[in-house]
Amino acid sequence: MVTDAKSRWALTALLIGTGVLYIWGLGASGWANSFYSAAVQAGSRSWTAFFFGSSDAANAITVDKTPASLWPMALSVRLFGLNSWAILIPQALMGVGTVALVYASVRRLTNAWAGLLAGVAMALTPVAVLMFRFNNPDALLVLLLTAAGYCVVRAQERGATRWLALAGAAIGFAFLAKMLQAFLVLPGFALVYLVTAPVPFWRRMWQLSLAGVAMVVSAGWWVLAVALVPASQRPYIGGSQTNSVLELALGYNGIGRLNGGDYGGLGNLNQQAGWLRLFDTEAGGQISWLLPAALVLLAAVTWVTRRAPRVDPVRAAVWVWGSWLIVTGLVFSLMQGIFHAYYTVALAPAIAVLVGMGAAVLWERRAYRPLAVITAGTAVWSYVLLSRSAEWNSWLGVVVLVAGLGAALAMLFARRALVVVAVAVVACLASLAGPAAYALDTAASAHTGAIPTAGPATGGFGRGFGGPGGGGFRAGGPGDGRQFRGTPGNGWSPGGQAFQAPPGGRGMGRGGMGGLLNAGTPAAELTALLKTDASAYTWVAATVGSNNAAGYQLATGQPVMAVGGFNGTDPAPTLERFKQYVAEKKIHYFIGAGMGMGSRSTGGSDDAARIAAWVQETFTAATVGGTTVFDLTRP
């Protein structure tokens with residue numbers, strides 16, 4: 001029996017351990033995703049850039065997401081200065097908060113050990129370790145959605161309007177972190193509350209309507225503010241072709257992600273869409289260790305509580321988190337547009353809660369046979385996942401398999417209470433050993449670029465172009481046949497279009513290449529040149545592509561214009577507007593890296609390509625620190 005005092009100490013240990021795992025050696029990742037780090041730097045220098053999420057402090061263009069995820073990091077940098085720790089610590093703390101919410105969600109309706117199991121499962125999920133040590137928007141998204149799930153469960157217990165409204169507000173603010181992905185939990189949350197809340201039907205309808213209003217207000221205030229500001233007085237909305245937040249949300253970050261349609265992005269860079277995507281060589285080791293167990297436990301709890309009252313809070317809670325897992329998991333599996341394995345961090349809280357709460361329900365009913373089957377299945381699946389990294393701790397898979405199958409067998413025949421508990425402990429350790437090993441490997445490795453991956457190399461998507469510790473970029477699945485032209489540092493090409501990397505291709509690590517997907521580190525000579533007379537210009541330089549610009553901006557601390565936005569395909573600025581900036585001497589230099597970007601072949605604007613061509617025709621090229629530079633003040 002776990003006393004309240006012991007459970008508090010255990011929770012404290014869990015949260016401290018999670019903090020150490022997520023924070024230790026955090027500075028090794030440097031700028032992590034330089035695209036967002038540059039926007040954080042801009043937001044720490046300009047409140048306008050902070051509000052809109054601009055890529056530079058002079059507010060030429062925004063990042064291709066709504067800006068809420070940048071705000072905690074920008075405030076941290078304002079307080080502690082621009083460095084890797086100031087950028088990444090807020091993300092790690094969000095991870096600790098998420099683990100605490102997962103524990104609270106399970107502990108409230110079951111018991112302390114189940115809450116601890118769920119919390120540990122959440123903390124050790126490899127993709128969670130990755131993203132809570134990184135600066136992509138997913139950290140804030142997952143924290144807010146977990147908070148929303150907790151609030152829905154609290155609301156369902158007594159039909160509490162306040163908790164349901166808080167859930168709506170949390171989902172709305174999550175929209176400002178990563179747009180429409182936040183709304184994937186909505187159908188399940190609303191339906192479960194409508195079916196199970198212990199209040200009259202029309203009161204449930206009214207409460208859901210009020211929660212919807214809270215969500216719209218929480219998400220819509222920023223969208224409305226942007227719409228009310230004249231386009232001439234704010235940065236261009238990056239990722240859109242019409243300078244519109246709604247187009248960004250519904251197109252590039254919305255329908256385009258589902259159907260593979262091209263809205264100025266790169267189209268479909270992953271052809272693995274299908275029912276088993278979450279188990280394949282790209283996503284499997286990131287998230288799927290306990291995914292089969294979570295699905296089986298969802299079904300098992302639903303079955304064993306089939307005669308419970310409609311308003312049964314435990315079953316309702318399992319359905320809340322189960323609906324999150326099923327709806328979001330199906331969308332991730334079947335979406336035809338751009339998909340990256342790290343998106344699956346959004347499934348981690350649901351899996352963790354289902355494992356903890358489901359195990360507690362079956363344990364209390366002494367349903368040892370289903371638990372034995374789940375333990376055996378988890379051990380076998382862990383062995384399969386570990387075998388995909390055959391050269392990495394090859395002994396571990398065998399140990400996990402033997403321990404898991406042994407615990408499952410013993411669970412069928414154990415009778416004494418202490419023996420049963422001991423077997424259960426072994427079963428938990430065997431089930432968590434694989435993800436724990438991946439988690440430790442992830443925390444011990446540096447991650448940079450736009451597409452980081454957790455854990456060691458696998459047969460499909462692991463450490464690649466970045467060398468040891470680097471996770472490459474791959475278009476399509478095994479046998480896809482699409483080739484990349486060039487090598488890291490010398491450009492790459494999906495479908496034959498060349499993308500040039502920053503000077504020397506330096507700064508690459510796990511998950512990216514110089515140019516489109518990562519920023520390089522400019523030579524000291526070039527950095528010194530860009531800093532010369534910097535105060536006399538609005539932008540010390542311009543270059544095609546946000547990641548190219550980010551490298552120079554982070555090195556100099558001065559605004560650098562990202563022509564064409566992230567992909568180089570946004571119509572910002574137009575050639576005519578760029579010529580006007582040059583005539584007004586607002587831009588000092590144009591940097592040649594990335595001049596191959598911005599083609600209509602990617603479905604967007606060709607303004608960036610036209611600007612690059614005009615610069616080449618009009619100004620004299622010079623080589624500084626191995627990089628082609630044009631002085632725009634000297635035609």
Side-chain angles (χ1 to χ4, degrees), residues 65-69 71 98 101 105 137-138 140-228 244-251 253-255 257-258 310-311 313 315-332 335 346-347 349-350 353:
K65 301 287 187 299
T66 37
S69 67
W71 293 341
T98 300
L101 285 169
S105 298
D138 303 76
L140 181 61
L141 172 76
V142 171
L143 174 64
L144 289 170
L145 292 185
T146 307
Y150 175 81
C151 290
V152 172
V153 170
R154 290 290 302 268
Q156 187 278 334
E157 291 176 26
R158 297 183 179 180
T161 303
R162 180 186 63 172
W163 284 106
L164 198 63
L166 286 173
I171 294 171
F173 202 74
F175 172 88
L176 297 183
K178 210 175 179 187
M179 307 193 108
L180 291 185
Q181 185 179 333
F183 293 163
L184 294 180
V185 301
L186 272 177
F189 284 11
L191 182 60
V192 172
Y193 188 83
L194 184 62
V195 170
T196 66
V199 292
F201 175 79
W202 288 112
R203 179 173 175 80
R204 282 176 260 160
M205 293 293 294
W206 173 81
Q207 289 173 320
L208 287 169
S209 299
L210 183 62
V213 171
M215 182 187 72
V216 170
V217 171
S218 182
W221 68 270
W222 184 86
V223 176
L224 179 62
V226 173
L228 293 176
S244 165
V245 171
L246 289 180
E247 191 236 320
L248 174 65
L250 300 176
N253 283 325
I255 297 173
R257 302 290 172 125
L258 297 177
R310 174 184 65 84
V311 299
R315 185 179 58 195
V318 168
W319 286 356
V320 166
W321 299 94
S323 68
W324 173 347
L325 177 59
I326 290 174
V327 174
T328 304
L330 285 176
V331 170
F332 285 169
M335 59 191 285
L347 302 175
V353 170

Nearest 0.5 Å please: distance from the [atom1] atom of [X] over to the [atom2] atom of [Y].
X: Phe189; Y: Trp321; atom1: CZ; atom2: CH2; result: 6.0 Å
X: Arg162; Y: Leu210; atom1: CZ; atom2: CG; result: 13.0 Å
X: Phe173; Y: Trp222; atom1: CZ; atom2: CH2; result: 11.0 Å
X: Leu140; Y: Trp71; atom1: CG; atom2: CH2; result: 9.5 Å
X: Leu180; Y: Arg257; atom1: CG; atom2: CZ; result: 10.5 Å
X: Glu247; Y: Asn253; atom1: CD; atom2: CG; result: 10.0 Å

Is there a donor-acceptor pair closer than 3.5 Å between any side-chain N or O of [X] and the backbone N or O of [Y]?
X: Thr328; Y: Leu325; result: no
X: Arg154; Y: Gly149; result: no
X: Arg204; Y: Tyr193; result: no
X: Thr161; Y: Gln207; result: no
X: Glu157; Y: Pro313; result: no

Is the shortest heavy-atom distance from the side chain of [X] to the side chain of [Y] under 4.5 Å?
X: Leu166; Y: Cys151; value: yes
X: Ile171; Y: Leu186; value: yes
X: Leu143; Y: Leu101; value: yes
X: Val245; Y: Met179; value: yes

Looking only at heavy atoms, what is the nearest atom pair of [X] and [Y], with distance?
X: Trp324; Y: Ala346; result: NE1-O, 2.8 Å
X: Ala165; Y: Ala214; result: O-CB, 3.5 Å
X: Ala177; Y: Ala68; result: N-CB, 3.9 Å
X: Leu176; Y: Ser218; result: CD1-O, 3.6 Å
X: Ala219; Y: Gly172; result: CB-O, 3.2 Å
X: Arg310; Y: Pro198; result: NH2-CA, 4.4 Å

> What orientation do Phe183 and Phe175 show, parallel under 30°, tilted 30 to 60°, or perpendicular over 60°?
Replying inline: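 Phe183 and Phe175: parallel rings.
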> Yes or no on side-chain contact (heavy atoms from CB on, under 4.5 Å) for Leu141 and Gln181, after CA distance, side-chain angles and deciding distance?
Replying inline: CA-CA 9 Å; Leu141 172 76; Gln181 185 179 333; 3.3 Å; yes
